[in-house]
Trainee: 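Take a look at this one; I'll ask things after.
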Amino acid sequence: MPTHDRAQVPDVPESFDLTGQAWIPVLLADGRESELSLREVFEQATRIRRLACELPTQEFALTRLLLAIAHDALDGPGDTEEWADLWEDPQALHPALPYLEEHRERFDLLHPRTPFYQCAGLRTGKDEVFPLNRIVADVPNGNPFFTARFPGVERITFAEAARWVVHAQAYDTSGIKTGVEGDPRAKAGKAYPQGPAWAGNLGGVLAEGTDLRETLLLNLVAADHWSTVHGDLPAWRRPPAGPGAADDLASRPTGPRDLYTWQSRRIRLHADHEGVHGVVLTYGDPLTPQNRFDTEPMTGWRRSPAQEKKLGRPLVYMPREADPARAAWRGLGSLIASAAPLQGPAADPAPELRPGLVHWLARLEGDEILPKGRRMRLRTFGVVYGTQQSVIDEITGDAVAFALVVLSEQDSRLGETAKTAVTDADSAVRALGDLASDLARAAGSESETPKASARDAGFGALDGPYRLWLAAIGDSDDPTALRTDWQQQTRRIVSGLADHLIAQAGDTAWEGRIVTTKKGEAWLNTDSADLWFRSRLKRALPLAFPDTPQPEPQGSGTGPSSTAPTGTPDVPDTGTASHLERATA
């Protein structure tokens, strides 16, 4: 039975007002956890350390909801001057309070005509009601044994349902869904794939301040930073959604308020006085991801020659997706990438674009609204979909911290140094992986497993040191000294891992065998594998070997960069400590 008619369903509560009812989980500044209403979140923003949701992606989706409210309540900010005034005002977010009261009816989760983020009266031809695992993302479809909710979720509170509705509008999977009455796209009771919900396309990026007030303001990008269409509106200031796609999609999204609240799905909760027990969900407003960098600030972008060929367009950028195999610091290059597709009339297109949010933060630094030395923490969020994007395989969340000067567009030397240091780490870890592969070959194995395991161990060992090194960078640091320091740290760490691999190689690898290389046959054993590794490491980290001439290539190893050195002089480690001391101070 449809639930939109309260006369037919007398046991449904009158309302669940999200502006007044507690439903947003937060971590308070004193370390306590709590649930607050929308009004309380804006009233107490300085007392809230951050949101504390069930999943990282739920936190990202809810933060974007709060940003849309703030943008609309403030009708801005219009430019950096307006933003600077907000930054200095302790009550900058208080205009959201009368705003929420004005639009309170549209924030009612159970409203009979305009339920929040839902479609009233949404129903299938057979009035089917479906299990809540269609919106509860921590109940993996097909893998119920890997959840604390085994064997499924039969009922949730209104507060939790509200959170999952917001999450579904941001991250719902693709695949064939239920067709609903009144949707012209439905065929034979089915709605065919149109991709994941909007945020599922993004490798999300969020700037985090010392409290929620700062977090919201740091991500509140001024209107003059975008080609925003006049009349940018969030979902609750638009006509209530009906089945099928909206009629005005050709001119949308109109800006961040529209995009942060994009109704990717049509949803209807089924509830009684004890909570929510079922749902109907189908496709809502489609949105293609190509070239949305001028309206979507919270993701990096990569140029896609494949999409350019497919669409017949000269320049196409796609959102940079989340990669669970790479920690946030390893993706630093995408944060320090170009701010625009073309930097000049004769310039080649940039292969990747930094998130608009990062460009905005660099603008605040360049205009001296925020000091160069201010520490900035960027958090990353993402979903990895599997099986034609119809299931969620992984949900990722990470963070990386550094001084704002690293993002500077006026003097990019420190940013380029931080970016190059990641490349140094990649090269050193690649050498370590080649060593593991060589040792396996010397023992008679052709498996790639040792190489992959060594690389994982290498990046794991460098993770903490790189984060400390990056966080300690200051605006007066010398780029060459910084890179030397990092290469010396990397040499010590990777060399230690290499020593362990060699010690564990076993007698068969010590004896060795003849292997075929691109240059012919060569004798490969532990000693030669060690020599080749030391040669590769010197090429990867030249500043860590200041007194050692680069050896002439001899012999052959695995891969195009593999050479056997004439010797491996024992160069003592002389890494400086001042930079690390500053990081841990």
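These figures come from a predicted structure and were not determined experimentally.
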Trainee: Using a strict 4.0 Å threshold on nitrogen-to-oxygen distance, state whether Arg467 and Asp463 make a salt bridge.
Mentor: yes
Trainee: Of the non-hydrogen atoms in Val358 and Leu335, which two are nearest, and what is the gap between them?
Mentor: CG1-O, 3.2 Å
Trainee: Hey, could you give me the CZ/CG distance between Arg363 and Leu407, rounded to the nearest 0.5 Å?
Mentor: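 The distance works out to 15.0 Å.
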Trainee: Any side-chain heavy atom of Leu269 within less than 4.5 Å of one from Val165?
Mentor: yes
Trainee: Return the minimal non-hydrogen interatomic distance between Asn291 and Trp301, and the atom names on each side.
Mentor: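 It is N-CZ3, 4.4 Å.
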Trainee: Can Val180 and Val280 be said to form a side-chain contact (heavy atoms from CB on, under 4.5 Å), step by step?
Mentor: CA-CA 9 Å; Val180 297; Val280 177; 4.1 Å; yes
Trainee: Decide if atom CD of Gln388 counts as having more than 12 heavy atoms of other residues, nucleotides or ligands within a radius under 6.0 Å.
Mentor: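 Count not over threshold, so no.
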Trainee: Please tell me if the side chains of Leu220 and Pro77 come closer than 4.5 Å, counting only heavy atoms from C-beta onward.
Mentor: yes
Trainee: Does a donor on one side chain sit under 3.5 Å from an acceptor on the other, for Gln118 and His111?
Mentor: no
Trainee: For Ala170 and Ala61, work out which heavy atoms get closest and say how close.
Mentor: CB-CB, 3.8 Å
Trainee: Taking side chain as C-beta onward, heavy atoms only, is Leu66 less than 4.5 Å from Leu51?
Mentor: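 Yes, side chains in contact.
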Trainee: Specify the closest pair of heavy atoms between Thr80 and Trp360, including all atoms of both residues, with the distance to one decimal.
Mentor: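 Of all heavy-atom pairs spanning Thr80 and Trp360, the closest is CG2-CZ3, 3.8 Å.
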Trainee: Run the salt-bridge test on Asp285 and Arg266 with the 4.0 Å N-O cut-off and return the result as yes or no.
Mentor: yes
Trainee: For the atom pair CG (Asp108) and CZ (Phe16), what is the distance rounded to the nearest 0.5 Å?
Mentor: 9.5 Å
Trainee: I want to check something: taking the side chain as every heavy atom from C-beta on, are Leu218 and Leu361 in contact at a cut-off of under 4.5 Å?
Mentor: yes
Trainee: Going by heavy atoms in the side chains, are Phe381 and Ile395 under 4.5 Å from each other?
Mentor: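 A side-chain contact under 4.5 Å is absent here.
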Trainee: Start with the C-alpha gap between Val129 and Val279, add the side-chain angles, then the distance that decides, and say whether side-chain contact (heavy atoms from CB on, under 4.5 Å) holds.
Mentor: CA-CA 6 Å; Val129 179; Val279 67; over 6 Å; no
Trainee: Is Arg213 paired with Asp89 through a side-chain N to carboxylate O contact shorter than 4.0 Å?
Mentor: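 No.
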Trainee: Do side-chain atoms of Gln169 reach the backbone of Arg265 as a donor and acceptor pair under 3.5 angstrom?
Mentor: yes
Trainee: Do Gln194 and Arg185 get their side chains close enough for a donor-acceptor pair, meaning under 3.5 Å?
Mentor: yes
Trainee: Is the backbone of Val391 close enough, under 3.5 Å, to the side chain of Thr173 for a donor and an acceptor to pair up by distance?
Mentor: no
Trainee: So how far is it from Met376 CE to Leu370 CG, rounded to the nearest 0.5 Å?
Mentor: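 CG of Leu370 is found 6.0 Å from CE of Met376.
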Trainee: Around atom CG of Asp247, are there more than 12 heavy atoms of other residues, nucleotides or ligands at under 6.0 Å?
Mentor: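 Open.
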Trainee: Could you tell me whether Arg330 sits above the aromatic face of Phe459, with NZ or CZ closer than 6.0 angstrom to the six-membered ring centre and within 45 degrees of the axis?
Mentor: yes
Trainee: Salt bridge check, Glu102 against Arg237: does any charged N sit closer than 4.0 Å to a carboxylate O?
Mentor: no
Trainee: State which residue, out of Trp23, Tyr117, Trp236, fulfils the ring-ring contact (aromatic ring centres under 6.0 Å, His included) condition with Phe107.
Mentor: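 It is Trp236, the one option of Trp23, Tyr117, Trp236 that forms the ring-ring contact (aromatic ring centres under 6.0 Å, His included) with Phe107.
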Trainee: Quick one, Met298 with Leu67, criterion side-chain contact (heavy atoms from CB on, under 4.5 Å). Give me CA distance, side-chain angles, the key distance, then yes/no.
Mentor: CA-CA 12 Å; Met298 302 180 83; Leu67 286 170; 4.2 Å; yes
Trainee: Would you check if the side chain of Ser264 reaches a backbone N or O of Trp198 as a donor-acceptor pair within less than 3.5 Å?
Mentor: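 Yes; judged by distance alone, with no hydrogens or angles, the pair exists.
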Trainee: Answer yes when Glu214 and Arg374 have at least one side-chain N-carboxylate O distance shorter than 4.0 Å, and no when they do not.
Mentor: yes
Trainee: Is a donor on one side and an acceptor on the other found under 3.5 Å between the side chain of Asp79 and the backbone of Asp224?
Mentor: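 Judged by distance alone, no pair lies under 3.5 Å.
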Trainee: Taking 4.0 angstrom as the limit, do Glu208 and Arg49 come out as a salt bridge?
Mentor: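 So Glu208 pairs with Arg49 through a salt bridge.
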Trainee: Any salt bridge linking Arg238 with Asp258? Criterion: basic side-chain nitrogen under 4.0 Å from a carboxylate oxygen.
Mentor: yes
Trainee: Between Phe60 and Val383, is there a side-chain heavy-atom distance shorter than 4.5 Å?
Mentor: no
Trainee: Keeping Glu40 on the side-chain end and Ser37 on the backbone end, is there a donor-acceptor pair under 3.5 Å?
Mentor: yes
Trainee: With heavy-atom distances below 4.5 Å as the criterion, would you say the side chains of Val276 and Thr157 are in contact?
Mentor: no
Trainee: Inspect the contact between Arg155 and Asp272 and indicate whether a charged nitrogen and a carboxylate oxygen are less than 4.0 angstrom apart.
Mentor: yes
Trainee: Taking the side chain as C-beta and beyond, is there a heavy-atom pair between Trp87 and Leu364 under 4.5 Å?
Mentor: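 Result no, sub-4.5 Å side-chain heavy-atom pair not found.
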Trainee: Pick from Thr19, Leu216, Leu38: which one makes a side chain to side chain contact (heavy atoms under 4.5 Å, CB included) with Ile69?
Mentor: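 With Ile69 as partner, Thr19, Leu216, Leu38 yield a single side chain to side chain contact (heavy atoms under 4.5 Å, CB included), made by Leu38.
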Trainee: Enter the distance from Arg257:CZ to Thr295:OG1 here, rounded to the nearest 0.5 Å.
Mentor: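 The OG1 atom of Thr295 is 14.0 Å from CZ of Arg257, to the nearest 0.5 Å.
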Trainee: Look up atom OG in Ser34 and atom CZ in Arg47, then write down how far apart they are to the nearest 0.5 Å.
Mentor: 8.5 Å
Trainee: Using only atom types and a distance under 3.5 Å, with no angle test, would you say the side chain of Thr261 pairs donor to acceptor with the backbone of Ala235?
Mentor: yes
Trainee: Determine, step by step, whether Glu35 and Arg163 satisfy the side-chain contact (heavy atoms from CB on, under 4.5 Å) criterion, reporting the C-alpha distance in whole Å, the side-chain angles of both residues, the deciding distance to 0.1 Å, and the verdict.
Mentor: CA-CA 12 Å; Glu35 281 191 9; Arg163 297 193 293 268; 3.4 Å; yes
Trainee: Are the charged groups of Lys372 and Glu365 less than 4.0 angstrom apart, N to O?
Mentor: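 The answer is yes: the pair qualifies as a salt bridge.
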Trainee: Without swapping roles, check the side chain of Thr124 against the backbone of Glu128 for a donor-acceptor pair under 3.5 Å.
Mentor: yes
Trainee: How close do Pro243 and Cys119 get, heavy atom to heavy atom, and via which atoms?
Mentor: N-SG, 3.8 Å
Trainee: Mind listing the closest non-hydrogen atom pair of Ala162 and Leu18 along with its distance?
Mentor: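 In this case the closest contact between Ala162 and Leu18 is CB-CD2, 3.7 Å.
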Trainee: Once you round to the nearest 0.5 Å, how far does OH of Tyr283 lie from NZ of Lys177?
Mentor: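 Rounded to the nearest 0.5 Å, the OH-NZ separation comes to 5.0 Å.
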Trainee: Is it true that, when you exclude Glu81 itself, more than 12 heavy atoms of the residues, nucleotides or ligands shown sit nearer than 6.0 Å to its CD?
Mentor: no
